[in-house]
4 protein chains.
Amino acid sequence: MLNRVILIGRLTRDPELRYTPAGVAVTQFTIAVDRPFSGSNGEREADFIPVVTWRQLAETCANYLRKGRLTAVEGRIQVRNYENNEGKRVYVTEVIADNVRFLESNREGSQRDESYSGGEGYAAGGGGGGYNRPSQQQPSRNSNVDPFKDDGRPIDISEDDLPF
Amino acid sequence: MLNRVILIGRLTRDPELRYTPAGVAVTQFTIAVDRPFSGSNGEREADFIPVVTWRQLAETCANYLRKGRLTAVEGRIQVRNYENNEGKRVYVTEVIADNVRFLESNREGSQRDESYSGGEGYAAGGGGGGYNRPSQQQPSRNSNVDPFKDDGRPIDISEDDLPF
Amino acid sequence: MLNRVILIGRLTRDPELRYTPAGVAVTQFTIAVDRPFSGSNGEREADFIPVVTWRQLAETCANYLRKGRLTAVEGRIQVRNYENNEGKRVYVTEVIADNVRFLESNREGSQRDESYSGGEGYAAGGGGGGYNRPSQQQPSRNSNVDPFKDDGRPIDISEDDLPF
Amino acid sequence: MLNRVILIGRLTRDPELRYTPAGVAVTQFTIAVDRPFSGSNGEREADFIPVVTWRQLAETCANYLRKGRLTAVEGRIQVRNYENNEGKRVYVTEVIADNVRFLESNREGSQRDESYSGGEGYAAGGGGGGYNRPSQQQPSRNSNVDPFKDDGRPIDISEDDLPF
DNA sequence: TTTT
DNA sequence: TTTT
């Protein structure tokens, strides 16, 4: 009924941009969010939270975010599950972001903080601006094909998750 | 740096109240949150999100929440990981709640919505009111004992997660 | 850069649906949110927070919300200011909602919780479905006319606030 | 029942630290939050949102925040009202913060982002650390004295708002 | 596997 | 393994 997450933290690595077979951009990254208290051994711990963005927002994140950057993420928690190759059900929890704010500029001069949003409820136009987008055809929302199926390693994110 | 989640959904089962060896109450339940759009096959899907509460709030949840009840949860995302018995690292994502609102009363008459909060930053007093709490001694925050170790099945939640 | 509000409370009155001269639906209501603590004299207080919804969401709220209903509201804080008839600047703070959840059904039978969202980032289509909408023409986003100017009493909400 | 706000923006001025007659620190500042869209005339607008912090958090904000700094604020909306000297009821809306994150360090060297929280539900200790706190006595929570009454100009914030 |  |  309502599912809202807001995180501020730092990217643990550069973001990874990929495309579904239908040509929809999707970017994944992890942000490290320091916990507000120390662990049992006194050291400061962090939660490493996987974030997924789609379409235009995915391309903007891939272009502007880098490892270590302080970033704000707004979205919803999504829990996917799939059967792994040993027949065991695996649960994957991610934040599907519809708003990402770049809290640190690209260094070299003091550009303004740039920030972009989109995602859930993002206006018409399908896959976004899509410079360097490999495929022009609109992804069929009801397609049942496994997205990423051409992809080398087995990822399990699904175009079905696309809410727009 | 900032980690905030707000969910509204329904309990998939009655909550489970347990105690760490040190006597700290912890309640777990899952809430089903309907997604705001339909899946690829047209049906309405939901995310099933595990929630953990500690201390006084754990006991209140165990006493008042039941399967199917509409509930609001406020907290933070926590990602734990442990090595399973096959030596593989397993990641567990939960919402550690510090505020839970009971949006449906206990039926039979129209009681007011009751709601309780606590958790992160909850005031003094330690393990909470603790009627029917098995152990009176205060849990040592820096204890390294495996919580729940007497417990039948292997749970992997840690007292280290206790932020208060 | 980021502005997010989530409220759960009860309507203090029935919502008020109106239309701008350009035919854009706007609904206002106030929700009472109990404070999580008691005031200095021991009594429970509440904050009375004005909420504004636009377009399709405005019409849905006008149709389904009623005084006293428990309601969740998601949106952003907006601070407007205008000069009153004594030449003094007046500040008005409202929550512009883009997501409203009806946590109590319409009584008589246990209908499903219905919930609707829209607003900021709401898809194409302009003014929404708009049964009983008085004007068919699309509101010009850059119009400078005073909305509500035909309206009896002086309201000061502005079509400029329309983010979609 | 639930009232949560998260803002990211920049201070419009240096924060103002003051003390109630009972010696409780309170800091006020305004943060400017850019709207995610342009106004009717094409220019980028912002909301100017007043923020209030209490006790230890107030002192930390006064010490570390400065005009122009990018800042994240977490709290709740509070609506106060009072009668002004013309006998008219005036409504004041503020965000009572319980968590403030300093997203920009104090320049000169790359200090870590420091961030502090407290407020609602802040642990024991009363009025906070209170270096340079003028009064040592604990504020009586149920006192009915007008806070700030010694203060030059008429402010209307009330110790009754103190939720801890 | 993690960021500062 | 899931709620209405």
> What does Gly9(B) touch in the nucleic acid at a heavy-atom separation under 4.0 angstrom: a base, only the sugar-phosphate, or nothing?
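The answer is nothing, as Gly9(B) stays clear of every strand by at least 4.0 Å.
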> What is the distance, rounded to the nearest whole Å, between atom CD of Glu16(B) and atom C1' of dT2(F)?
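Glu16(B) atom CD is separated from dT2(F) atom C1' by 13 Å.
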> Dump the intermediate steps for side chain to side chain contact (heavy atoms under 4.5 Å, CB included) on Val33(D) and Ile8(D), then the final yes or no.
CA-CA 6 Å; Val33(D) 184; Ile8(D) 300 180; over 6 Å; no
> In whole angstroms, how far is the P atom of dT3(F) from the CG atom of Leu103(B)?
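Taking atom P of dT3(F) as the reference, CG of Leu103(B) is at 19 Å.
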> Counting only side-chain nitrogens and oxygens, does Arg89(B) get under 4.0 Å of the OP1 or OP2 atom of dT1(E)?
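Affirmative; the distance criterion is met.
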> Between Asp34(D) and Arg101(A) (salt bridge meaning N to carboxylate O under 4.0 Å), is one present in this structure?
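Looking at Arg101(A) together with Asp34(D), the answer is no, because their closest N to O distance does not fall below 4.0 Å.
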> With salt bridge (charged side-chain N to carboxylate O under 4.0 Å, His left out) as the test, would you mind laying out the steps for Arg4(D) and Glu74(B) before giving the verdict?
CA-CA 9 Å; Arg4(D) 204 73 202 160; Glu74(B) 199 180 345; 3.2 Å; yes
> Measure the distance from CZ on Phe48(B) to P on dT3(F) and round it to the nearest whole Å.
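Value for this atom pair: 7 Å.
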> Compare the minimum distances between each of dT2(F), dT4(F), dT3(E) and the side chain of Arg10(B), then state the nucleotide with the smallest one.
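Within the option list, the nearest is dT4(F).
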> Indicate yes or no for a side-chain donor-acceptor contact from Arg69(C) to the backbone of Tyr64(C) under 3.5 Å, with no hydrogens or angles considered.
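Here the side-chain-to-backbone pair exists.
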> Report the distance from atom CG of Leu65(A) to atom P of dT2(E), rounded to the nearest whole Å.
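Interatomic distance, CG of Leu65(A) to P of dT2(E): 21 Å.
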> How close or far is atom P of dT4(F) from atom CG of Leu70(B), stated in whole angstroms?
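Going from Leu70(B) (CG) to dT4(F) (P), I get 11 Å.
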> Using whole Å, what does the distance between atom P of nucleotide dT2(E) and atom CZ of Phe29(A) come to?
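Answer to the nearest Å: 19 Å.
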> Rounded to whole Å, please give me the gap between CZ in Arg69(B) and P in dT2(F).
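Value for this atom pair: 21 Å.
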> Can you figure out which of dT1(E), dT2(F), dT3(E) approaches the side chain of Tyr91(B) most closely?
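The listed nucleotide nearest to Tyr91(B)'s side chain is dT1(E).
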> Can you measure Met1(A) atom CE to dT4(F) atom P for me and round it to whole angstrom units?
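One finds 13 Å between P of dT4(F) and CE of Met1(A), rounded.
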